[in-house]
Engineer: 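Just dropping this structure here.
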Amino acid sequence: MADRIADIWGTRTPHAKDTPWPVRVDLHLDAGLAESDVDRWVQSACVLCSNGCGCDIAVKNGRMVGVRGRAGDVVNHGRLGPKGLYGSWQWAGRDRLTRPLVREGGRLVETDWDTAMDRVVRRSRELLAETGPLSHGFYTSGQLFLEEYYTLGVIGKAGLGTPHMDGNTRLCTATAAAAMKESFGSDGQPGSYTDIDSCDALFLFGHNMAETQTVLWARVLDRLAGPDRPVVVAVDPRRTKVAEAASESGGVHLAPLPGTNQALMNGLVREVIANGWVDRDYVEAHTLGFDELAATVEPYTPEHVAGVCRVDPADLRRAARIFGTGERVLSTVLQGFYQSHQATAAACQVNNLHLLRGLIGRRGCGILQMNGQPTAQNTRECGADGDLPGFRNWDNPEHVRELARLWNVDPLTIPHWAPPTHAMQIWRYAEQGSIRFLWISATNPAVSLPQLPRVREILAKKDLFVVVQDGFRTETAEYADVVLPAALWGEKQGTFTNVNRTVHLSDKAVEPPGEARADLDIFLDYTRRMDFRDRDGAPLIKWSDPEGAFEAWRECSRGRLCDYTGLSYAKLRAGSGIPWPCNEEHPDGCDRLYTDGVFPTHPEVCEDYGHDLLTGGTTSAEQYKARRPDGRAFLKTAHYAPPPEQPDDEYPLLCTTGRTVYHFHTRTKTGRSRQLRRAAPEPWVELSAADAAALGVAEGDLVRVESPRGRVEAPARVGRGRDGVVFLPFHYGYWDTEGDQHARAANELTPTEWDPVSKQPLFKISAVRVTRLAGATGPAPAPTTAASAPQDSVGVVPTRGDDDVREDVAPTDPPAPPPVPDRTPNVLPHAAPKG
Ligand SMILES: Nc1nc2c(c(=O)[nH]1)N[C@H]1C(S)=C(S)[C@@H](COP(=O)(O)OP(=O)(O)OC[C@H]3O[C@@H](n4cnc5c(=O)[nH]c(N)nc54)[C@H](O)[C@@H]3O)O[C@H]1N2
Ligand SMILES: Nc1nc2c(c(=O)[nH]1)N[C@H]1C(S)=C(S)[C@@H](COP(=O)(O)OP(=O)(O)OC[C@H]3O[C@@H](n4cnc5c(=O)[nH]c(N)nc54)[C@H](O)[C@@H]3O)O[C@H]1N2
Ligand code: SF4
Ligand SMILES: [Mo]
């Protein structure tokens with residue numbers, strides 16, 4: 001089988017503009033197996049990023065033994081990337097949680113479901129009686145299924161009545177939603193992946209698509225390898241594969257200093273206006289706010305911007321010309337923009353560029369305000385985060401009444417007296433002690449939240465009752481009072497929606513291990529035990545399985561932008577995922593939104609009344625109505641403000657964090673796949689060649705990175721990024737493969753700060769200092785295949801795949817990141833799990 005560790009994007013299938021992307025079916029099976037050996041193929045889609053590649057799971061003897069791309073799926077036309085091929089299923093048999101755990105005498109011990117759920121329900125009832133629903137917080141994910149979020153949303157909003165619900169989607173793509181609400185009045189992706197097949201220019205803003213949506217990047221590469229190839233523009237401080245493609249395609253690589261995106265974007269908008277590249281008719285007919293936008297960006301001349309961002313003004317001009325004169329431009333935006341202090345403002349400037357030129361709602365002219373996690377879209381749609389289900393506006397009484405009618409509850413039960421609580425605030429309330437019950441599902445905050453020393457203190461608080469629901473015994477689970485073992489992908493049924501609104505069904509392929517249960521069943525069990533009722537005394541939640549939950553959700557989505565009423569499980573089994581809205585008007589779904597230039601900004605329709613992008617101050621309903629948007633989009637901006645943390649004498653470098661192609665987040669799955677783990681086994685610290693030289697650091701030297709909050713120690717990769725910037729992958733928790741603790745998680749360094757509009761934390765900006773601790777024992781364990789490639793490859797073994805031996809038949813291999821039973825942490829400045 002092909003080595004898809006070395007060959008990340010697979011074989012090219014070039015094609016010409018406006019022709020369909022060819023099919024290429026990717027497959028990976030356990031060693032020694034052929035397709036004919038497989039007992040059953042079960043329909044699904046990959047959950048290791050937001051791309052949503054359709055796949056079939058291979059089952060043999062009741063086990064998952066491989067995966068194959070679905071040729072007929074609109075998203076991937078058969079392809080899968082390295083994570084999908086090697087990471088989606090290989091974890092299944094390994095060291096899973098098989099029984100609930102409860103804390104006894106300071107230790108987590110196995111128990112039965114009744115005992116575990118009884119503790120959860122008892123604490124829940126006690127706190128409801130003592131202080132009411134505001135004592136309860138729910139911190140969920142972008143990795144459950146639609147049915148699970150909707151159920152959780154109804155529990156929280158109509159059962160308990162707590163506004164303290166959010167997902168790790170706050171860390172992920174809250175800004176995508178926020179920017180679409182500010183510009184278009186509602187969440188909802190305007191563009192489509194098919195725009196890649198038709199565009200003339202492709203702008204990637206803070207998005208390392210080559211490593212983070214590998215199949216989407218393969219689609220781009222196939223255009224770049226074909227005739228009439230598009231021009232690529234990359235905005236990223238590192239020399240990613242995207243940046244290389246920008247140079248090779250005759251485009252531009254802009255490498256701004258982290259934290260300066262807003263200045264750069266104001267500069268690009270100014271150039272488009274100053275050169276007369278604006279589509280006046282479109283702007284006049286379909287937007288509001290042009291004069292204010294033009295006045296605000298006026299000072300951002302190329303020379304001024306170049307000084308702030310440390311880029312070449314000529315490059316800025318060239319990038320603006322490509323945007324300003326291109327007939328069909330597609331833009332994507334992701335974490336380089338979203339995890340920043342002016343995240344929403346900068347993301348809105350991308351919307352503005354498109355609106356100014358009327359490049360929206362037409363073939364090849366998409367905007368993709370990306371998601372990251374596979375099911376982040378559903379957290380947002382279904383109300384398991386800080387939004388009301390169906391993109392309803394918490395500040396619009398009629399929207400609240402609609403939900404109350406649907407759920408048959410008093411509108412006053414549904415918390416809407418203030419904006420829903422965002423995740424960073426939920427953690428703050430837990431720290432202050434007003435939230436005393438925190439239910440964490442499908443996320444590992446002890447590694448993924450910023451400023452980990454603080455997060456550990458909060459999780460360890462004796463008066464905080466922590467429930468952790470996961471398939472593995474994660475770093476976070478070590479702090480739990482109750483651990484609930486969850487069934488994972490392939491072990492349960494449900495649907496989810498990718499970046500471009502495409503809904504997939506994932507069927508159950510195998511039984512979960514031991515007593516592990518589907519998240520939906522866990523939430524339903526809690527509901528039954530809590531005995532939540534509607535107004536007429538009937539059970540609040542009227543469904544008992546995934547399809548029942550899906551049907552209920554369909555009704556909830558009726559008439560909204562994310563209309564699912566035309567979808568059903570049967571229809572989703574017909575061959576391909578289907579993009580919403582899907583209803584009577586669009587029975588086959590919708591490839592692209594806003595083809596008529598009418599946006600959901602009418603006050604009765606919109607999801608939000610908007611904010612001041614600089615301060616986050618909210619617009620009232622009256623102010624909003626007074627602007628009479630009525631279907632027009634908003635052109636909003638803000639002045640550039642420097643990031644809260646800037647380099648100084650003590651901390652002279654800027655640290656940014658992110659991903660490598662081979663791992664997903666905190667590696668609970670990819671760390672258990674032999675091929676993926678070996679491709680990137682340990683953390684590293686990426687320095688530019690000049691910074692490394694100035695520090696006397698050579699490839700592989702052990703270095704310490706310190707911020708005002710913490711430190712990380714890891715070998716240095718002398719890489720190819722811009723000077724003044726240090727990069728750390730955030731995948732590695734503080735346990736190593738031996739179960740020992742080290743200061744190695746990137747979030748030891750990051751600050752508790754967030755964007756004022758989307759409330760997304762600033763993972764991409766902290767000031768640090770780097771010191772050399774010891775000489776190298778070899779090159780850094782960083783992959784050589786993409787952005788973390790060394791500046792000088794002499795002596796560095798290229799990253800390549802392994803033999804095809806499955807993990808659990810290779811006993812000599814070092815173990816996966818292990819759960820350490822009740823180990824008292826010793827290395828880190830660390831709060832011990834409750835004793
Ligand atoms: N392999 C892999 N793929 C994934 C994931 C994964 O963990 N691993 N996770 C998924 C998820 S949940 C998400 S959210 C996405 C994230 O996908 P991406 O956003 O593509 O990934 P990141 O590496 O976080 O950040 C992207 C780029 O932002 C750049 N950057 C840093 N600071 C700045 C800045 O100030 N300005 C600009 N313009 N750029 C900056 C970084 O150099 C980096 O190359 O990936 C998804 N796909
Ligand atoms: N420094 C830094 N920090 C970051 C980022 C960064 O770029 N830099 N990126 C941020 C972003 S964008 C994201 S999305 C977050 C990700 O951060 P996390 O959400 O903490 O990362 P994961 O490792 O994906 O954790 C998901 C957990 O859910 C479990 N799980 C998976 N499927 C299921 C399921 O079906 N049911 C249940 N119950 N559990 C399940 C997995 O085993 C895993 O433990 O990290 C954020 N943190
Ligand atoms: S691109 Fe994303 S969804 Fe597709 S196979 Fe790779 S990880 Fe899975
Ligand atoms: Mo994410």
Side-chain angles (χ1 to χ4, degrees), residues 47-51 81-83 87 91 140-145 148 167-173 204-214 234-238 240 242-243 254-261 264 309 332-340 346 370-376 440-450 468-472 474-477 484-489 491-492 494 516 518-519 522 643 654 656-670 721 725 727-731 733 745-747 749-750 760-761 763-766 787:
V47 286
L48 291 180
C49 84
S50 57
N51 207 50
K83 284 200 282 38
W91 44 267
T140 189
S141 181
Q143 299 176 44
L144 297 181
F145 290 156
E148 296 165 337
N168 67 356
T169 44
R170 188 64 56 185
L171 323 181
C172 184
T173 46
L204 292 100
F205 295 99
H207 183 191
N208 184 8
M209 190 199 283
E211 295 191 61
T212 58
Q213 275 85 17
T214 56
V235 184
D236 193 309
R238 290 191 306 148
T240 59
V242 177
L254 292 165
L257 267 187
T260 64
N261 295 324
L264 186 106
C309 304
T332 75
V333 196
L334 202 44
Q335 299 307 6
F337 269 41
Y338 295 167
Q339 294 174 335
S340 216
M370 296 293 294
N371 296 340
Q373 293 177 91
T375 77
I440 299 169
S441 48
T443 179
N444 189 8
V447 180
S448 57
L449 277 178
V468 170
Q469 183 168 318
D470 202 293
F472 300 97
T474 59
E475 287 86 346
T476 308
L484 303 174
L488 302 175
W489 179 87
E491 301 164 350
K492 60 176 181 177
D519 297 275
I522 301 174
L654 268 172
T656 194
T657 63
R659 290 157 171 81
T660 180
V661 61
Y662 301 113
H663 282 301
F664 185 62
H665 300 168
T666 74
R667 288 178 313 134
T668 55
K669 287 180 177 173
T670 52
V725 178
F727 173 86
L728 267 75
F730 89 102
H731 304 295
N747 283 321
L749 306 171
T750 46
Q760 185 160 347
F763 291 116
K764 298 283 188 260
I765 317 163
S766 37

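From a predicted model like this one, the values you see are computed outputs, not experimental measurements. Indexing begins at 1, ligand by ligand and atom by atom, following the structure's order. These values consider heavy atoms only, across backbone and side chains, with no hydrogens, waters or symmetry-generated copies.
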Engineer: If we check side-chain contact (heavy atoms from CB on, under 4.5 Å) with Gln143, which of these qualifies: Asn168, Leu488, Val47?
Structural biologist: Asn168
Engineer: What do you reckon, does Gln143 have a nitrogen or oxygen under 3.5 Å from a nitrogen or oxygen of ligand 2?
Structural biologist: yes
Engineer: Return the closest protein heavy atom for atom 47 (N) of ligand 1 as residue, atom name and distance.
Structural biologist: Thr212 O, 2.8 Å
Engineer: Would Val661 count as a polar contact of ligand 1, with the cut-off being nitrogen or oxygen pairs under 3.5 Å?
Structural biologist: yes
Engineer: Enumerate the atoms of ligand 2 whose separation from the nearest heavy atom of Lys764 is less than 4.0 angstrom.
Structural biologist: 7 (O)
Engineer: Quick one: does Thr657 get an N or O within less than 3.5 Å of an N or O on ligand 2?
Structural biologist: yes
Engineer: Nearest to atom 39 (N) of ligand 1, what protein heavy atom do you find, and at what distance?
Structural biologist: Pro237 CD, 3.2 Å
Engineer: For ligand 2, note which part of Thr443 has a heavy atom under 4.0 Å away: side chain, backbone, both or neither.
Structural biologist: both
Engineer: Pull out every atom of ligand 2 sitting under 4.0 Å from any heavy atom of Phe472, numbered as shown with elements.
Structural biologist: 42 (O)
Engineer: Which of the numbered atoms in ligand 1 are under 4.0 angstrom from any heavy atom belonging to Cys172?
Structural biologist: 12 (S), 14 (S)
Engineer: Starting from atom 23 (O) of ligand 2, find the nearest protein heavy-atom neighbour and note its residue, name and distance.
Structural biologist: Thr666 OG1, 2.5 Å
Engineer: Which heavy atom of the protein is the closest neighbour of atom 10 (C) of ligand 1, given with residue, atom name and distance?
Structural biologist: Gly372 O, 3.4 Å
Engineer: Can you check which of Thr660, Asp236, Thr214, Thr173 brings a heavy atom nearest to atom 44 (O) of ligand 1?
Structural biologist: Asp236
Engineer: Check each heavy atom of Leu144 against ligand 2 and say whether those closer than 4.0 Å belong to the side chain, the backbone, both or neither.
Structural biologist: side chain
Engineer: To which protein heavy atom is atom 12 (S) of ligand 1 closest, and what is the distance rounded to 0.1 Å?
Structural biologist: His665 NE2, 2.9 Å
Engineer: Please write down residue, atom name and distance for the protein heavy atom closest to atom 5 (C) of ligand 1.
Structural biologist: Arg659 NE, 3.2 Å
Engineer: In terms of atom number and element, which parts of ligand 1 are under 4.0 angstrom from non-hydrogen atoms of Gly259?
Structural biologist: 35 (O)
Engineer: Quick one: does ligand 1 sit under 4.0 Å from the side chain of Lys83, the backbone, both or neither, non-hydrogen atoms only?
Structural biologist: side chain
Engineer: Check each of Val235, Thr670, Leu334 against atom 15 (C) of ligand 1 and report the one with the nearest heavy atom.
Structural biologist: Leu334
